[in-house]
Amino acid sequence: MKPIDLQVVRAACPHDCPDTCAMEITVEQGRAVRVRGADAMPFTNGSLCTKVSHYLERVYSDQRLRHPMKRIGRKGEGRFERISWDEALDTIAAKFGAIAADDPRAILPYSYAGTMGLVQGESMDRRFFHRLGASLLDRTICASAGAMGWKATVGASIGTDPEAVVDAKLILIWGANPVVSNLHGWRYLQEAKRRGARLICIDPRRTDTAAKCHQHIAPLPGTDGALALAMMQVLIAEDLLDHDYIAQYTLGFDALAERVHEFTPEWAAPLTGLSAAVIRDLAREYGQARPSLIRLNYGLNRCAGGGMAVRNIACLPALTGAWRHAAGGALLSASGNFPTDAHALGRPDLYPDPERFPPRTINMSTIGDALLNATEPPIRAIYVYNANPVAVAPNSNEVRAGFAREDLFCVVHELFQTDTADYADILLPATSQLEHRDVHGTYGHFYVVNNQPAIAPLGEARPNTEVFRQLAARMGYTDSAFADSDDALAAAAFKRDDARALGVTPEKLATQGWARLNLPRPFVPFAKGGFRTPSGKCEFHSDMLAQRGLDPLPAWHPPAESVASNPALAARYPLALITPPARNFLNTSFSHLPRFVEQEGSPKLEIHPQDAAVRGINDGDRVCIRNDRGSFHARAAVTDRVRAGVVVSPSVWWQKLSGDGENANAVTSSALTDMGGGPIFYDCLVEVSAV
Ligand SMILES: Nc1nc2c(c(=O)[nH]1)N[C@H]1C(S)=C(S)[C@@H](COP(=O)(O)OP(=O)(O)OC[C@H]3O[C@@H](n4cnc5c(=O)[nH]c(N)nc54)[C@H](O)[C@@H]3O)O[C@H]1N2
Ligand SMILES: Nc1nc2c(c(=O)[nH]1)N[C@H]1C(S)=C(S)[C@@H](COP(=O)(O)OP(=O)(O)OC[C@H]3O[C@@H](n4cnc5c(=O)[nH]c(N)nc54)[C@H](O)[C@@H]3O)O[C@H]1N2
Ligand SMILES: [Mo]
């Protein structure tokens, strides 16, 4: 009898989530039969989230694209016919060649974090578009506002070790819903709670996380910046400060004290919709607890003042000296710990002729506007991979109008026929994580996670890297950069001469599947200053911001759309809509798979009983959510999980599967944040009515 060919392959969860799990794939005679979390990897700890524990349903879904196709219907209609890879690649190379002869910047790559892998997401693709001289893409859609606010204050995306938080005594979970979107990080927060920490959740909605905390504080969306300013005012006025830490390791304290003097809890109360007493108590508690931790996430950076809100919050642990403790301080993103070699991976030096064609950058968050209105040159071709902009970018009506342009040549490389794929002229089938090589850093812990292919590509699917190698060959690019294998790209991902990469060797990754960065334990990055800012201090005063024409000090940047900041608009559209991640979805990457769609049911709108009553809306009613930009439909869930004046629609649904062809981005604004050019998804006034 032949023995069963059974093998366990070490892999990485590729999705855009802080947890980046180490996975083990059991393969039987060439077919993956089981996916589980690696036991030995501390952060994964042998478990996966509900989505990825059913990962084989995504990998082997009968919805997978299996061969290249070309469009035969109208743009957006989604009708295609099968073609060969040769025809597909020849068509793309011919189009790109012709456009590039005029001006290569008329070609735009569009990608985000469909896979977070450095090989499939930031290597051969970047090399190809750099060599082509295409427009550059500013990848702002998620985190750029918060990242900039953090950078101005702390200097780099570095914060508390998420495994060390178990010893914190007070934890503010701020604009974050870890039970849903950082499940493995939540395990450590829960352990802290078991050890006696007090947990306070700051979120306009009583999320699953908020419900498990000791206290829930529900500010109005987009007002966290005011809350943090008022906390600083109390800390300073009541002398809940670490004077020694401030003197040695911060810059601009006197100016900060003067600035926040007027920002009392009484000032912040009407803006945030909280009582002054709640704000004052929060500040006092924060000022007295040792160690105190702030776990913030990007939920609070998706509003007009999102950059400044994160900056204001980032000042708090320097005032109290919380950074002295391994379990104290704050964590937004850990990505800055990884010595990723973006230059070696993406080779920006391949850009051909910067004198003739000075590089042009397009902001991905305003893709609709760019497709419709960019000049010098207008965008004539777009190549979308690792992203679903038609569904996820704000202001869908504008985005779809851009993609519907008859004169736009659109390539989409995808695993599935997404809302964006419907607009493709050429639609290419992509491999899943189980079918290609990769290596991952992460923004939520300190481990590099390796990914070996476990199974052969399904149908004719090809990895991103392979497609760009083949396109490069057809374009006549002979640079050796286009000959690198995926193994070679993975080996080049981290700077080998950087001490943090010591021990993160290809051998260790191959055998163990993951490796911790060579960071000290305990990791107390700013215990003695060492901020990554120009001054090396925590910068209450930031010259970097001043140079960009921004306020160098913490300030109040109100929402673009709120009752207080825009009463005229609020008279017509009085409700503030937020559209945070749904538990069973991950952006739109699972929003079409039957199991997860069934669990989410249908698009929902949580609305407070008072707001429902005055509109004659009952629980379960179909409602229309609208503003001047557009409208979408959902089922009303009448609940006090949301405060009056705020409505919540968990996202992101595929438009074509939502019932009315729209999702929440029909109403979201394509205005940008104060810093970093980010989108303001959660800064959006609407009116709601029963249909
Ligand atoms: N299950 C699941 N997990 C995910 C994702 C997903 O779609 N589904 N998305 C992934 C991605 S792309 C990212 S960027 C990460 C992080 O994803 P984030 O988008 O930061 O999501 P959350 O951690 O859920 O935190 C958002 C929380 O902020 C709240 N919020 C909204 N507006 C405000 C505000 O103005 N102030 C405050 N204080 N809170 C506000 C929301 O109600 C929500 O509970 O998660 C990743 N993980
Ligand atoms: N209203 C609203 N809109 C939002 C948000 C919100 O909270 N509310 N969240 C925003 C945030 S935080 C983010 S990060 C963005 C996310 O936006 P995107 O990064 O566009 O994320 P997804 O919608 O998951 O789309 C990723 C696509 O990449 C594809 N993909 C995966 N792996 C590969 C691969 O190896 N090769 C190729 N070619 N394709 C691959 C997947 O099949 C999927 O369709 O959405 C934003 N949009
Ligand atoms: Mo994101």
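Whatever order the structure lists them in is the order used to number ligands and atoms, beginning at 1. Along the sequence shown, residues carry numbers from 1.
The aromatic ring centres of Tyr298 and Phe681 sit 6.0 Å or more apart. For Phe468 and Tyr383, the ring centers are positioned less than 6.0 Å apart. For an aromatic pair to be called close, the ring centres must be under 6.0 Å apart, and Trp653 with Phe632 fails this. With ring centers used as reference points, Phe43 lies under 6.0 Å from His445.
On a distance-only criterion, Lys51 and ligand 1 share at least one N/O pair closer than 3.5 Å. Residue contacts with ligand 1: Ile202 is placed with a nitrogen or oxygen under 3.5 Å of a nitrogen or oxygen of the ligand (distance criterion only). For a threshold of 3.5 Å applied to N or O pairs, the pair formed by Thr223 and ligand 1 contains no separation below that value. Inclusion of Leu300 in the set of residues having an N or O under 3.5 Å from an N or O of ligand 1 is not warranted. The distance criterion of under 3.5 Å between nitrogen or oxygen atoms is not met by Ile578 with respect to ligand 1.
For the pair Leu282 and Ile200, the minimum side-chain heavy-atom distance is below 4.5 Å. Between Asn397 and Arg629, every side-chain heavy-atom pair lies at or beyond the 4.5 Å cut-off.
The proximity of Tyr443 to ligand 1, defined as any non-hydrogen pair under 4.0 Å, is limited to the side chain. Neither the backbone nor the side chain of His15 comes within contact range of ligand 2; no heavy atom lies under 4.0 Å. When non-hydrogen atoms are compared, ligand 2 lies under 4.0 Å from the side chain of Asp16 (C-beta onward) but not from its backbone. The proximity of Arg58 to ligand 2, defined as any non-hydrogen pair under 4.0 Å, is limited to the side chain. Contacts between Asn464 and ligand 2 below 4.0 angstrom, taking non-hydrogen atoms only, involve the side chain exclusively. Residue Asp224 touches ligand 1 through its side chain alone, judged by heavy-atom distances below 4.0 Å. When heavy-atom distances to ligand 1 are checked against a 4.0 Å cut-off, Tyr682 comes that close only through its side chain, counted from C-beta outward. Looking at Ala387 against ligand 2, both its backbone and its side chain come within 4.0 Å, counting heavy atoms.
Of the listed residues (Ala176, Gly225, Ser589, Gly222), the one carrying the non-hydrogen atom nearest atom 35 (O) of ligand 1 is Gly222. For atom 26 (C) of ligand 2, the candidate residues are Ala430, Ser365, Gly114, Pro650; the nearest heavy-atom contact is made by Gly114. When the options Val384, Leu577, Thr588, Thr579 are ranked by their closest heavy atom to atom 8 (N) of ligand 2, first place goes to Thr579. Evaluated by nearest non-hydrogen atom to atom 25 (O) of ligand 1, the leading choice among Gly175, Gly306, Ser181 is Gly175.
Among protein heavy atoms, the minimum distance from atom 2 (C) of ligand 1 is reached at Phe585 O, 3.2 Å. Nearest protein heavy-atom contact of atom 14 (S) of ligand 1 is Cys142 SG, 3.0 Å. Here the protein heavy atom with the shortest distance to atom 20 (O) of ligand 1 is Gly299 N, 2.9 Å. Nearest protein heavy-atom neighbour of atom 19 (O) of ligand 1: Arg302 NH1, 2.5 Å. The nearest protein atom to atom 27 (C) of ligand 1, hydrogens excluded, is given as Asp203 OD2, 3.5 Å; this is a heavy-atom distance. In this structure, the protein non-hydrogen atom closest to atom 12 (S) of ligand 1 is Asn587 ND2, 3.2 Å. Of the protein's non-hydrogen atoms, Pro204 CD, 3.8 Å is the one closest to atom 30 (N) of ligand 1. The nearest protein atom to atom 6 (C) of ligand 1, hydrogens excluded, is given as Pro581 CB, 3.2 Å; this is a heavy-atom distance.
Listed by number with element, the atoms of ligand 2 under 4.0 angstrom from any heavy atom of Tyr112 are 14 (S), 19 (O). Near Val180, with a cut-off below 4.0 Å to any heavy atom, the atoms of ligand 1 are 1 (N), 2 (C), 3 (N). Set against the non-hydrogen atoms of Trp174, the atoms of ligand 1 under 4.0 Å away are 38 (N). Numbered from 1 in the order shown, with element, the atoms of ligand 1 that lie under 4.0 Å from a heavy atom of Thr207 read 44 (O). Contact atoms of ligand 2 toward His413: 37 (C), 38 (N), 39 (N) (distance under 4.0 Å to a heavy atom of the residue). Every atom of ligand 1 with a heavy atom of Tyr298 under 4.0 Å away is listed here by number and element: 20 (O).
Summarising the geometry of Ser565 relative to Pro559, their closest heavy-atom pair is OG-O, 2.8 Å, with the distance given to 0.1 Å. Thr431 and Pro463 make their closest contact through OG1-CA, 3.1 Å (heavy atoms, listed as atom of the first residue, atom of the second, distance). Residues Ala218 and Arg643 share a closest heavy-atom pair of O-NH1, 2.6 Å. Heavy-atom minimum distance, Tyr112 versus Ala143: OH-N, 4.5 Å. For Gln120 against Thr115, the heavy-atom pair with the smallest separation is CB-CG2, 4.0 Å.
With hydrogens and angles disregarded, no donor-acceptor distance shorter than 3.5 Å links the side chain of Asn663 to the backbone of Trp654. Side-chain atoms of Asn312 never come within 3.5 Å of backbone atoms of Ala228 as a donor-acceptor pair (strictly under, hydrogens ignored). A distance-only check finds no donor-acceptor pair linking the side chain of Ser562 to the backbone of Pro558 [under 3.5 Å].
At least one heavy atom of Ala582 lies less than 4.0 angstrom from ligand 1. Under a 4.0 Å heavy-atom criterion, Gln433 is not in contact with ligand 2. Look at Cys303 and you'll find every heavy atom at least 4.0 Å from all atoms of ligand 1. Asn182 does not count as a contact of ligand 1, since none of its heavy atoms falls under 4.0 Å from the ligand.
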| said: For Arg469 and Asp125: C-alpha separation, side-chain torsions, deciding distance, then whether salt bridge (Lys or Arg N to Asp or Glu O under 4.0 Å) applies. | reply: CA-CA 9 Å; Arg469 267 186 217 105; Asp125 53 323; over 6 Å; no

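Under the 3.5 Å distance criterion, with hydrogens and angles disregarded, no donor-acceptor pair is assigned to the side chains of Asn177 and Asn297.
The aromatic rings of Phe590 and Tyr55 sit tilted, their planes meeting at an angle between 30° and 60°.
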